[in-house]
Peer 1: 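Quick one: the structure is below, and I'll ask about it shortly.
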Number of protein chains: 2
Amino acid sequence: MFKALADPTRRVILDELTERDGQTLFELCTRLAMKHEVTSSRQAISQHLDVLEGAGLVTTRRDGRYKFHYIDTGPLRAIAQRWPVQT
Amino acid sequence: MFKALADPTRRVILDELTERDGQTLFELCTRLAMKHEVTSSRQAISQHLDVLEGAGLVTTRRDGRYKFHYIDTGPLRAIAQRWPVQT
DNA sequence: ACCATAGGCAAGTAGGCACTTGCATGTCAA
DNA sequence: TTGACATGCAAGTGCCTACTTGCCTATGGT
């Protein structure tokens with residue numbers, strides 16, 4: 001999961017899914033290019049999504065030829081638990 | 001900061017500093033080798049500490065020929081703020 | 001059936017990063 | 001001052017990873 005968060009593009013993907021959850025690959029590609037100035041290709045974004053899914057930060061749901069991506073911030077809880085953040 | 005967290009050895013260093021704060025480079029090397037089975041050399045650990053310090057996750061205090069390392073979990077707050085963790 | 005759309009697979013490439021190696025600097029004790 | 005100790009600097013090496021390229025599969029509309 002930590003390696004998944006290490007890439008700036010993947011973090012922007014999580015930002016975009018936070019703002020609008022359940023996007024398809026193409027939706028993400030266009031919106032990332034528009035609002036976040038991400039120039040990556042479709043394949044690059046797809047591979048990033050695979051990494052995020054492997055890290056448990058993104059879940060997917062298939063419907064016909066569309067695949068929707070949802071953010072899951074659950075794994076992030078482990079960070080604050082591992083290194084207690086004093087308030 | 002995210003790249004700093006991406007390396008397993010650096011995360012173990014943070015673990016060790018959580019358990020015992022304010023260690024020197026040599027202390028860390030020996031304790032990491034003992035308890036966490038880290039086989040990295042002194043120089044490797046030193047470079048990791050530089051990265052952690054650059055990420056703001058570790059602060060240092062120099063006293064004579066000793067340099068003490070302290071964990072700072074402050075930057076970790078930004079994670080939960082960026083991607084709200086639902087409870 | 002045909003075609004466009006949405007996505008997947010896999011090999012190759014370039015750059016970054018962790019680690020080593022060797023030497024240098026600085027500090028303290030005797 | 002001399003030697004041992006704690007740390008720092010810098011170049012070189014090998015691996016990992018992000019990205020591209022090219023082609024393939026599958027779904028849905030007409």
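Computed from a predicted model, the values in this text were never measured in an experiment.
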Peer 1: Between A/Leu28 (CG) and C/dG7 (P), how many Å, whole number?
Peer 2: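 Rounded to whole Å, this separation is 9 Å.
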
Peer 1: Between A/Ser41 (side chain only) and A/Ala44 (backbone N and O only), is there a donor and an acceptor less than 3.5 Å apart?
Peer 2: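 Yes, the answer is positive, given that a donor and an acceptor are paired below the 3.5 Å cut-off.
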
Peer 1: Does the A/Gln81 side chain pair with the main chain of A/Ala78, one donor and one acceptor, at a distance under 3.5 Å?
Peer 2: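 The answer is no, because no donor-acceptor pair under 3.5 Å joins these two groups.
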
Peer 1: Where the side chain of B/Gln43 is defined as all heavy atoms beyond and including C-beta, which of C/dG8, C/dT20, D/dT7 is the nearest nucleotide?
Peer 2: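 Of the options given, the side chain of B/Gln43 lies nearest C/dT20.
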
Peer 1: Could you tell me whether the side chain of B/Arg62 and the main chain of B/Lys67 form a donor-acceptor pair under 3.5 Å?
Peer 2: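 Between the backbone of B/Lys67 and the side chain of B/Arg62 there is no qualifying donor-acceptor contact (under 3.5 Å).
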
Peer 1: Report yes if at least one side-chain N or O of B/His48 is closer than 4.0 Å to OP1 or OP2 of C/dC17; otherwise report no.
Peer 2: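 Checking C/dC17 against B/His48, no side-chain N or O comes under 4.0 Å of OP1 or OP2.
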
Peer 1: Side chain of B/Thr24, heavy atoms from C-beta onward: which of D/dT20, D/dT7, C/dG22 has the nearest atom to it?
Peer 2: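 So the nucleotide nearest the side chain must be D/dT7.
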
Peer 1: Please give, in whole Å, the distance from C/dC17 C1' to B/Phe2 CZ?
Peer 2: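 Computing the B/Phe2:CZ to C/dC17:C1' distance gives 19 Å.
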
Peer 1: Looking only at side chains, do B/Glu53 and B/Thr60 share a donor and an acceptor under 3.5 Å apart?
Peer 2: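 Per modelled atom types, B/Glu53 and B/Thr60 side chains form a pair under 3.5 Å.
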
Peer 1: Give a yes or no on whether a donor-acceptor pair under 3.5 Å exists between the nucleobase atoms of D/dT20, that is its base, and the side chain of A/Gln47.
Peer 2: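 When only heavy-atom distances are counted, A/Gln47 does reach the base of D/dT20 through a donor-acceptor pair under 3.5 Å.
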
Peer 1: Strictly below 4.0 Å: does A/Ser41 bring a side-chain N or O up to OP1 or OP2 of D/dT20?
Peer 2: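 Yes, because at least one side-chain N or O of A/Ser41 sits under 4.0 Å from OP1 or OP2 of D/dT20.
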
Peer 1: Taking N and O atoms by type only, does the side chain of A/Arg62 place a donor or acceptor under 3.5 Å from a partner on the base of C/dG7?
Peer 2: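 Answer no: no donor N or O sits under 3.5 Å from an acceptor.
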
Peer 1: Given atom CG of A/Asp50 and atom C1' of C/dA10, what is their separation to the nearest angstrom?
Peer 2: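 After rounding, the gap between these two atoms is 13 Å.
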
Peer 1: Quick one: A/Glu53 CD to C/dG7 C1', roughly how many Å, whole number?
Peer 2: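 Going from CD in A/Glu53 over to C1' in C/dG7 covers 13 Å.
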
Peer 1: Of A/Arg65 and A/Arg10, whose nearest nucleotide on DNA chain D comes first from the 5' end?
Peer 2: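 Taking each residue's closest nucleotide, the earlier one in sequence belongs to A/Arg10.
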
Peer 1: Please state whether the phosphate of D/dT27, meaning OP1 or OP2, lies under 4.0 angstrom from any side-chain nitrogen or oxygen of A/Lys67.
Peer 2: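 A/Lys67 to D/dT27 OP1/OP2: no side-chain N or O under 4.0 Å.
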
Peer 1: Closest-nucleotide mapping onto DNA chain D: is A/Thr9 or A/Tyr66 further toward the 5' terminus? I mean the 5' end.
Peer 2: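 Going by which nucleotide is closer to the 5' end, it is A/Thr9.
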
Peer 1: Could you state the CD-P distance from A/Gln23 to C/dG7, rounded to the nearest angstrom?
Peer 2: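 That distance rounds to 11 Å.
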
Peer 1: For D/dT17, does OP1 or OP2 lie under 4.0 Å from any side-chain N or O of A/Lys3?
Peer 2: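 A/Lys3 to D/dT17 OP1/OP2: side-chain N or O found under 4.0 Å.
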
Peer 1: Nearest-Å distance, CG (A/Leu25) to P (D/dT25)?
Peer 2: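 Atom-to-atom, A/Leu25 to D/dT25, this comes out as 19 Å.
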
Peer 1: Step by step, would you call A/Leu5 with A/Leu57 a side-chain contact (heavy atoms from CB on, under 4.5 Å)?
Peer 2: CA-CA 9 Å; A/Leu5 290 175; A/Leu57 291 166; 3.9 Å; yes

Peer 1: Whole angstrom is fine here: how far is it from CZ in A/Arg42 over to C1' in D/dT20?
Peer 2: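 Result: 12 Å.
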
Peer 1: Round to a whole Å and report the spacing from CD1 of A/Ile45 to C1' of D/dC19.
Peer 2: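 So the two atoms are 11 Å apart, to the nearest Å.
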
Peer 1: Counting only side-chain N and O atoms of A/Ser46, is one of them less than 4.0 Å from OP1 or OP2 of C/dG8?
Peer 2: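 Yes.
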
